[in-house]
Amino acid sequence: MDGISGDLNAPHSMGTTIIGVTYNGGVVLGADSRTSTGMYVANRASDKITQLTDNVYLCRSGSAADSQIVSDYVRHFLHQHTIQLGQPSTVKVAANLVRLLAYNNKNMLQTGMIVGGWDKYEGGKIYGIPLGGTILEQPFTIGGSGSTYLYGFFDQVWKEGMTQDEAEKLVVKAVSLAIARDGASGGVVRTVTINKDGVTRKFYPGDTLPLWHEELEPKDSMLDMLSSASPEPMGFDAFALLTTSNKQLPAVVLATNHYCVQNAPILLFHSITASGQEIITWDVQLSPY
Amino acid sequence: MNLADSTQAMNNLLGSEADSQRTLYPYVTGTSVVGIKYKDGILLAADMGGSYGSTLRYKTVERLKPVGKHSIIGASGEISDFQEIMRYLDELILYDNMWDDGNSLGPKEVHNYLTRMMYNRRNKFNPLWNSLVLGGVKNGQKYLGTVSMIGVHYEDNHVATGFGNHLARPILRDEWHENLTFEEGVKLLEKCMRVLLYRDRSAVNKLQIAKITEAGVTISQPYALKTSWDLSAFKNPTAGAEGSW
């Protein structure tokens with residue numbers, strides 16, 4: 001979660017994707033599991049969703065050290081507060097303690113956090129605490145460097161009052177999309193669901209996540225492909241046809257059997273005019289028939 | 001509650017200040033606030049955006065807040081510093097109320113308090129990174145003032161912060177007059193806010209208007225402004241000069 005500093009005056013979101021959403025009855029917190037030091041992945045299975053109390057959890061992004069020490073202090077203070085109060089602390093108190101540390105040490109800390117939990121007074125609540133120590137209660141919030149890829153996604157799919165299942169699926173899908181595009185996010189998706197009945201941790205390893213654009217089904221070995229239906233897995237078929245069209249003639253259309261490792265080959269068409277200019281190239285994925 | 005320095009060497013622009021605190025640059029910022037005096041009191045307008053650098057990250061940030069019975073404050077700049085200012089102001093009002101002497105702080109006093117706070121922080125090279133607008137009515141007297149992050153303060157019939165200084169104030173200089181009605185005042189503010197929406201990159205189309213009169217404070221529900229794009233000049237702007245913009 002260590003960022004590489006660029007322009008001093010632009011706020012920089014750090015490695016990680018973290019999400020908190022409210023639903024009808026509680027909250028779902030989600031995060032990826034990659035901790036990086038520069039280009040090296042120091043921990044590929046980190047747990048960025050940290051417990052503060054029985055009913056309040058914290059998603060951490062940015063500097064691993066800074067976010068860990070903030071969560072340690074807040075956990076300590078909340079523990080004392082719970083004893084003195086005689087009942088579970090509210091999410092608002094937890095969030096404001098995080099804010100105090102973040103705001104009063106804003107020059108030294110580099111961590112954006114999401115506080116989420118459930119208490120009997122307000123139900124499920126999510127608080128975003130970005131760099132600088134602003135505190136904002138929101139129906140959902142996203143953070144970390146991977147979150148930049150999710151603003152449009154959430155603008156489109158977010159709706160109030162989802163069920164627990166809808167909310168969990170949304171969070172997993174979102175973190176998975178961010179992992180696909182953000183180099184600083186990766187690994188597994190972890191979620192923590194908090195409601196009146198308690199806390200549930202879920203774990204989604206990479207192979208349970210959906211595949212996105214240009215991602216391929218993982219295989220044990222290329223050798224598995226050789227024994228499948230395609231007769232010439234490494235070969236190319238090519239053919240050309242002379243065509244005419246209203247606009248430019250004559251034209252030649254070449255098709256090559258490209259990306260032939262899958263059973264449904266993709267054909268690459270190049271269209272070349274009389275003057276020799278290649279005017280159109282497009283690829284078409286064919287179904288078997 | 002200071003933690004051990006976790007080394008942000010880049011922030012030390014003036015030698016070693018491991019111990020001293022200073023806000024060097026803002027993170028989550030609000031844009032312009034515009035305020036005018038009108039017949040019955042003061043009107044303030046601000047959008048609800050919280051930008052994070054160039055990203056329009058938060059779209060429901062309340063930048064207009066009541067202060068006691070007689071004032072309203074609008075803030076641009078770093079939101080976390082504004083939240084801290086609100087804590088100071090709420091404490092100020094609380095202690096004022098605790099005197100229980102029938103007196104209450106008016107807008108002029110609150111403006112002065114803010115000015116001292118901003119200027120003293122500036123002198124310590126640790127500013128609260130905000131530009132504030134403070135308006136109110138007490139005993140029939142209308143008051144509208146502004147304070148910047150370095151402590152520059154003044155009062156006027158119409159004020160603005162940020163981009164509003166450049167885009168709204170010329171409109172207000174031209175079209176403001178004494179004894180605007182509420183409707184005229186709102187329309188004038190909306191004219192300013194629309195221009196800001198067109199021309200300020202950090203503006204978002206969700207705003208609130210706050211009104212304060214002798215009777216009290218009202219802050220409107222969030223709403224959005226219609227914009228006009230249907231100008232013939234917009235339809236084919238580069239027809240005469242391809243490649244231009």
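Sequence lines set the chain letters: A, B, ... in the order given, protein chains first and strands last, and positions in each chain run from 1. Keep in mind that the numbers below use all heavy atoms, side chains included, and drop hydrogens, waters and symmetry copies.
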Can you see which heavy atom on B/S80 is nearest to which on A/G132, and at what distance? OG-O, 3.2 Å
Given side chains that start at C-beta, do those of A/L136 and B/V61 come closer than 4.5 Å, heavy atoms only? yes
Nearest 0.5 angstrom please: B/R87 CZ to A/N96 CG, how far? 5.0 Å
Around atom NZ of B/K235, are there more than 12 heavy atoms of other residues, nucleotides or ligands at under 6.0 Å? yes
Nearest heavy-atom neighbours spanning A/P130 and B/R57: CB-NH1, 3.9 Å
Tell me every residue that passes side chain to side chain contact (heavy atoms under 4.5 Å, CB included) with B/L89, counting only those two or more places apart in sequence or in another chain. B/V67, B/I73, B/I85, B/M86, B/L92, B/V110, B/Y113, B/L114
What's the separation between atom OH in B/Y27 and atom CD in A/Q110, rounded to the nearest 0.5 Å? 6.0 Å
Could you look at A/I135 and say if it's the side chain, the backbone, both or neither that has a heavy atom under 4.5 Å from chain B? both
Select one option (side chain, backbone, both, neither) describing which atoms of B/Y58 are under 4.5 Å from chain A's heavy atoms. side chain
So do the side chains of B/D81 and A/Y103 get within less than 4.5 Å of each other, counting heavy atoms only? yes
Does A/R99 come within less than 4.0 Å of B/E84, counting only side-chain N to carboxylate O? yes
Does the side chain of B/T60 reach to within under 4.5 Å of the side chain of A/Q138, using non-hydrogen atoms? no
With a cut-off of 6.0 Å (strictly less than), are more than 12 heavy atoms of other residues, nucleotides or ligands near CD of A/Q156? no
Using a cut-off of 6.0 Å, state whether more than 12 heavy atoms not belonging to B/Y198 lie near its atom OH. yes
Residues which pass side chain to side chain contact (heavy atoms under 4.5 Å, CB included) with A/N43, listed by chain and number, not counting sequence neighbours: A/T35, A/A45, A/S46
Would you indicate whether the side-chain heavy atoms of B/Y52 and A/L131 approach each other to under 4.5 Å? yes
